[in-house]
Amino acid sequence: MPNSEIDAAILASCDQRWKKVALIATRVDDRTGLLSHWWGNRAFTKRVLVLARKGKLRAVGNLYNWRASEVMLPIAD
């Protein structure tokens, strides 16, 4: 599964309100089946980290711990 497909599913699962990363993971899995692969959890976490680092997502908490972190889309000016 290409990174661009994972990124698109993550961004489509977010909005401009804080959501637990665990909820976003569930939504992404519903769309793509990503988490059914042995490498899915790692790929999801990596893509969330990359999107946050690039400023496409705002993030708080420890992104490696999905229940202890939240993400949202940046608020447009």
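- Hydrophobic cluster membership differs between Val28 and Trp18, with clusters built from Ile, Leu, Val, Met, Phe, Trp and Tyr side chains linked at under 4.5 angstrom.
- Residues Leu34 and Trp39 have side chains in contact (heavy-atom distance under 4.5 Å, counting atoms from C-beta outward).
- Contact between Thr32 and Met1 at its shortest, heavy atoms only, is O-CE, 3.7 Å.
- Qualifying side chain to side chain contact (heavy atoms under 4.5 Å, CB included) partners for Arg17, counting only residues two or more places apart in sequence or in other chains: Asp15, Lys19.
- Between Val21 and Leu63 the shortest side-chain heavy-atom distance falls below 4.5 Å.
- Side-chain contact check for Thr45 versus Trp66: some heavy-atom pair is nearer than 4.5 Å.
- Across all their heavy atoms, Gln16 and Pro74 have their closest contact at NE2-O, 3.1 Å.
- Here CG of Asn62 is found 14.0 Å from CZ of Arg67. Values are rounded to the nearest 0.5 Å.
- Following chains of ILVMFWY side-chain contacts shorter than 4.5 Å, one cannot reach Leu11 starting from Ile75, and the two form parts of different hydrophobic clusters.
- Cluster membership check: Tyr64 shares its hydrophobic cluster with Ile24, using side-chain heavy-atom separations under 4.5 Å among Ile, Leu, Val, Met, Phe, Trp and Tyr.
- The neighbour count for Lys56 NZ, taken as heavy atoms of other residues, nucleotides or ligands under 6.0 Å away, does not exceed 12.
- Under the 4.5 Å side-chain criterion, counting only non-hydrogen atoms from C-beta, Ile6 is not in contact with Lys46.
- In this structure, CD in Glu70 is found 12.5 Å from CG in Leu57, a value given to the nearest 0.5 Å.
- Listed by chain and number, the residues in a salt bridge (charged side-chain N to carboxylate O under 4.0 Å, His left out) with Asp7 are Arg47 (sequence neighbours excluded).
- In the hydrophobic cluster analysis, where Ile, Leu, Val, Met, Phe, Trp and Tyr join through side-chain heavy atoms closer than 4.5 angstrom, Leu73 is grouped together with Phe44.
- At a threshold of 4.5 Å between non-hydrogen side-chain atoms, the residues Val71 and Leu51 do not count as touching.
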